[in-house]
Novice: 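Can you keep this structure in mind? I'll have questions shortly.
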Amino acid sequence: MPHDSLKMGPHDVGGETAQPINTADHGMTYWEKFSNGLRIAVSSKGIITLDELRLTAESFGKKYFEMEYFKRNGLALVERCKQRSFFDEAEFQNEIQTQKKNFEVPIVKLPDVKKINHLHDGVEHTHEQSDFQEDEFGEGPPEYYFEMLATAAILRKKNLITEDDIQSRIEKFETVFPFRGVSVIAKAWYDAEFQNYLLKDAKSAIKDMGIHLESFADIICFSQSETTHHVVVCTLCSCYPRTLLGMPPSWYKSRSYRSRVVHEPRKVLEEFGTTIPETKEVKVHDSNADMRYLILPQRPKGTDGWSEKELSELISRDHLVGVRIPKDVIQ
Amino acid sequence: MSYNSRASSNPKYTVNQNIVISRRGSEGHCRTPSYIRGKTGRVERYCGNFRNPEQLAENIKDADIIPLYRCVFYQHDIWSNYLGSKNDTLELEIYEHWIEPA
């Protein structure tokens, strides 16, 4: 491992050896969406900077990788709010108890299934198993969700944020952001002039499509080609063009991907089923500061005369990060 | 951490110039990954001026606005045991105060 003595903290994983990548995206629970919406509302309103939140997470030390992504980032927000004296511990604990009360529902006393005799097709029998399950996992939200609810409630009371600040962001992450990148790429495949504009000045080209990227960052678009394959990572945290592609998938935030793709990109790409010939340059973009990256895949062969809408159906998020390549269409 | 003067906002380095990333430690929050420190590459482009994240992380309201570059490195120059093609590269963004002339 290079430069061990210079490692900044648990987050500085680029170059480490790590596990194979789990390339499945396991999506988000409601409390993860809420925590994420709250954190983004707080940072984009300038109440606490993104870099302060990053620093707080980094200072968790060994606990950094013991917590999953949303819990870690959520608790970093709570910690930073306390450090900045937005609330004190007593106020916080009090609010957690108030929030928990909202979850108290009467427990329904169900009869013992084995004691119920009833008729099926005229035959009396006893059920060995319950007819239904209360919910999929049989458990409620994790403890940190109450901390997030309490933080949101206190910040609302202090008029720093509104419920709409949080909910509108949750909503946009569901219904708007994930579809923008796909529409940009479909247009670039369809319209050569737009493609040139996008590669020259992505931020303006996207703006001219009527897409207002609610982001401080600049956007750079790179085109996959016969000679170069681009792939994007953020080794230090999870920088990603969220307002263009939605939330990053699970693997993008994983320790394995962040550690490995910078020093063994070809092997990582193989794990996604993407083989790059030795003759082609692999270029890794470690997205670590104020730029965000969009990858323009080559337009699949066999799509001559296709409409923008038809083309858009061939595009998936993984293509726009560079870990997969859209397949040619066989006529 | 102390910052004695406001940093210059005129970019010091030019496109294609050979550069080396400072090989030094850091405290607090920093966006220069350890794996790239001490490595030699070249400037791919100047990205404009941005607020210094090291100061932003400390809630310094008038954080310096400093030049940011994209720098490109051959993978073989970063990792002694790199297995891929000799043409493979890595690019990342580096704030000016982490760059030295090669």
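Proteins come first, then strands; the chains are lettered A, B, ... in the order of their sequence lines, and each starts at number 1. It should be emphasised that the depicted structure is a prediction, and the values quoted were computed from it without experimental measurement.
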Novice: Does a side chain donor of either A/Asp290 or B/Tyr95 reach within less than 3.5 Å of an acceptor in the other side chain?
Specialist: yes
Novice: Name the member of A/Glu264, A/Glu278, A/Met291 that forms the most heavy-atom pairs with chain B at distances under 4.5 Å.
Specialist: A/Met291
Novice: Based on non-hydrogen pairs under 4.5 Å, which of B/Ile94, B/Asn87, B/Leu90 is most in contact with chain A?
Specialist: B/Leu90
Novice: Looking only at heavy atoms and a cut-off of under 4.5 Å, which of B/Cys47, B/Pro33, B/Gly48, B/Gly84 has the most pairs with chain A?
Specialist: B/Pro33
Novice: Check for a donor-acceptor pair, side chain of B/Gln55 on one end and backbone N or O of B/Asp64 on the other, with a separation under 3.5 Å.
Specialist: yes
Novice: If you measure from CD on B/Gln75 to OG on B/Ser85, what distance do you get to the nearest 0.5 Å?
Specialist: 10.0 Å
Novice: Could you tell me which non-hydrogen atom of A/Ala289 sits nearest to which non-hydrogen atom of B/Glu93, and how far apart they are?
Specialist: CB-OE1, 3.0 Å
Novice: For a 4.5 angstrom cut-off between non-hydrogen side-chain atoms, does A/Phe272 reach A/Trp251?
Specialist: yes
Novice: Using a 4.5 angstrom heavy-atom cutoff, name the option from A/Glu52, A/His11, A/Met8, A/Arg266 with the most pairs to chain B.
Specialist: A/Glu52
Novice: Which residue out of A/Ile220, A/Leu50, A/Val13 racks up the most heavy-atom pairs below 4.5 Å with chain B?
Specialist: A/Ile220
Novice: Name the option with the most non-hydrogen atom pairs under 4.5 Å to chain A; the candidates are B/Cys30, B/Ser80, B/Gly25.
Specialist: B/Cys30
Novice: Taking A/Arg80, A/Glu58, A/Lys267, A/Arg54 one by one, which has the highest count of heavy-atom pairs under 4.5 Å against chain B?
Specialist: A/Arg54
